[in-house]
Amino acid sequence: MITKQLRNNKEGYYDVKITDKNGKSFVMTVGGNLDLYWLPENHKENKIFEIDKSDKITYGVFNQLFNAVGKNDDKYRPVLQGNIISYISEDWPEDEANVLNIIKTEDAFTIKFIKNEDKESWSYPHMGCAICFCNSGSRVPKVEQVFMQLFNYLAYESKLIECEPLEDEKIK
């Protein structure tokens, strides 16, 4: 399921929440630096998310993402290898960064957040399993743009995505 949430209760600014078939969620948000981040809600317990055809909208969104990445992949630094998108977070050097894998099977997508567990890396404790899509200076700018366009569409353009009520509205 895909929902959008007001960011910091500011009207007009949204985050996008993806909830898988098991009720686990990750959030897409734009940081103050205008980079896009994907963040698992509970990265210590939930790093793998499953989207299948039972959620037609979310499955369709990931199918479109997968196809768009294929059309815009960088021939010198490909992120698509067969049925796997492997995106290295752009907030740290490649050997220190977390990795996002989106695996396509015949009837599902598996999204894996892979934390860099190299305890020698100075970035080791940084932001759990966050994945950064760098808006300026991306290693793969055409692919980064695909992810950013997806976020903007879901947060601001799609009429199919509902906005979650604020916490005080849920109590009523």
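Since this is a predicted model, take the numbers as computed values, not measurements.
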S.K.: Between Lys4 and Ala155, is there a donor-acceptor pair closer than 3.5 Å when you use the side chain of the first and the backbone of the second?
M.R.: yes
S.K.: Without swapping roles, check the side chain of Ser89 against the backbone of Cys132 for a donor-acceptor pair under 3.5 Å.
M.R.: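 Answer holds: yes.
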S.K.: Mind checking what makes side-chain hydrogen bond (donor to acceptor under 3.5 Å, both in side chains) contact with Thr105, not counting sequence neighbours?
M.R.: none
S.K.: CG/Asn101 to CD1/Ile114 distance, rounded to the nearest 0.5 angstrom?
M.R.: 4.0 Å
S.K.: Using only atom types and a distance under 3.5 Å, with no angle test, would you say the side chain of Asp55 pairs donor to acceptor with the backbone of Met1?
M.R.: yes
S.K.: Answer yes or no: is there a side-chain heavy-atom contact under 4.5 Å between Thr3 and Cys163?
M.R.: no
S.K.: Would you please test Ile111 and Leu100 for side-chain contact (heavy atoms from CB on, under 4.5 Å) and show each step?
M.R.: CA-CA 7 Å; Ile111 297 101; Leu100 175 72; 3.6 Å; yes
S.K.: To the closest 0.5 Å, what do you measure between CD (Gln5) and NZ (Lys17)?
M.R.: 5.5 Å
S.K.: Look at the side-chain heavy atoms of Ile, Leu, Val, Met, Phe, Trp and Tyr, link any pair under 4.5 Å apart, and say whether Met148 and Ile131 land in one connected group.
M.R.: yes
S.K.: Angle between ring planes, Tyr59 versus Phe109, binned at 30° and 60°: parallel, tilted or perpendicular?
M.R.: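 Geometry flag for Phe109 against Tyr59: tilted rings.
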S.K.: Is the shortest side-chain heavy-atom distance between Tyr87 and Val140 below 4.5 Å?
M.R.: yes
S.K.: Please check: side-chain N/O of Asn98 versus main-chain N/O of Asn116, any donor-acceptor pairing under 3.5 Å?
M.R.: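 Side chain of Asn98 to backbone of Asn116: a pair is present.
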S.K.: Might you point out which heavy atoms bring Val143 and Asp74 nearest each other, and give the distance in Å?
M.R.: CG2-N, 4.3 Å
S.K.: So Val61 and Leu150, side-chain contact (heavy atoms from CB on, under 4.5 Å) or not? Walk me through it.
M.R.: CA-CA 8 Å; Val61 163; Leu150 171 72; 3.4 Å; yes
S.K.: Is it true that a side-chain atom of Asp20 and a backbone atom of Lys24 form a donor plus acceptor pair closer than 3.5 Å?
M.R.: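 Such a contact is found between Asp20 side chain and Lys24 backbone.
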S.K.: Between Tyr37 and Phe133, is the ring pair (Phe, Tyr, Trp, His ring centres under 6.0 Å) condition met? List the steps.
M.R.: CA-CA 6 Å; Tyr37 292 88; Phe133 302 86; 8.6 Å; no
S.K.: Distance from Ile102 atom CD1 to Phe66 atom CZ, nearest 0.5 Å?
M.R.: 8.0 Å
S.K.: Less than 4.0 angstrom from a charged side-chain N to a carboxylate O is my criterion; do Glu94 and Arg77 meet it?
M.R.: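 Yes, Glu94 and Arg77 are salt-bridged.
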S.K.: Only pairs at least two apart or in different chains count here, so list each side-chain hydrogen bond (donor to acceptor under 3.5 Å, both in side chains) that has a residue in residues 132-161.
M.R.: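 Passing the test, one end in residues 132-161: Glu90-Ser138.
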S.K.: So how far is it from Ile85 CD1 to Lys112 NZ, rounded to the nearest 0.5 Å?
M.R.: 14.5 Å
S.K.: Minimum heavy-atom separation for Val79 and Asp73, please, with both atom names.
M.R.: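 Nearest pair, atom of Val79 first, then Asp73: N-OD1, 2.8 Å.
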S.K.: Is any side-chain heavy atom of Tyr14 closer than 4.5 Å to one of Leu6?
M.R.: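 They are in contact (side-chain heavy atoms under 4.5 Å apart), so the answer is yes.
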S.K.: What residue pairs, at least two apart or across chains, pass side-chain hydrogen bond (donor to acceptor under 3.5 Å, both in side chains) with a residue in residues 62-71?
M.R.: Asn63-Lys104
S.K.: Measure the OG1-CD1 distance between Thr110 and Ile51 for me, rounded to the nearest 0.5 Å.
M.R.: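 Thr110 atom OG1 to Ile51 atom CD1 measures 9.0 Å (nearest 0.5 Å).
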S.K.: Keeping the roles fixed (side chain from Asn33, backbone from Asp35), state whether a donor-acceptor pair exists under 3.5 Å.
M.R.: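 Between the backbone of Asp35 and the side chain of Asn33 there is a qualifying donor-acceptor contact (under 3.5 Å).
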S.K.: Going hydrophobic residue to hydrophobic residue with side-chain gaps under 4.5 angstrom, can you get from Leu65 over to Ile48?
M.R.: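 No: no chain of side-chain contacts under 4.5 Å links Leu65 to Ile48.
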S.K.: Among the clusters formed by ILVMFWY side chains lying less than 4.5 Å apart, do Ile57 and Val16 turn up in the same one?
M.R.: yes
S.K.: For Leu36 and Phe147, work out which heavy atoms get closest and say how close.
M.R.: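 So the two residues come closest at CD2-O, 3.6 Å.
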S.K.: Using a 6.0 Å cut-off, check whether atom NZ of Lys47 has over 12 heavy atoms from anything other than its own residue.
M.R.: yes
S.K.: Apply side-chain contact (heavy atoms from CB on, under 4.5 Å) to the pair Val30 and Arg7, showing each step before the final yes or no.
M.R.: CA-CA 9 Å; Val30 174; Arg7 182 179 313 137; 3.9 Å; yes
S.K.: How long is the gap from OG1 on Thr29 to CG on Asp15, to the nearest 0.5 Å?
M.R.: 3.5 Å
S.K.: Testing the basics here: between Thr19 and Ser25, what is the closest heavy-atom pair and its distance to 0.1 Å?
M.R.: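 Shortest heavy-atom contact: OG1-OG, 2.8 Å.
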S.K.: Centroid separation under 6.0 Å, is that true for the rings of Phe49 and Phe113?
M.R.: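 Yes, the ring of Phe113 comes within the 6.0 Å limit of the ring of Phe49, centre to centre.
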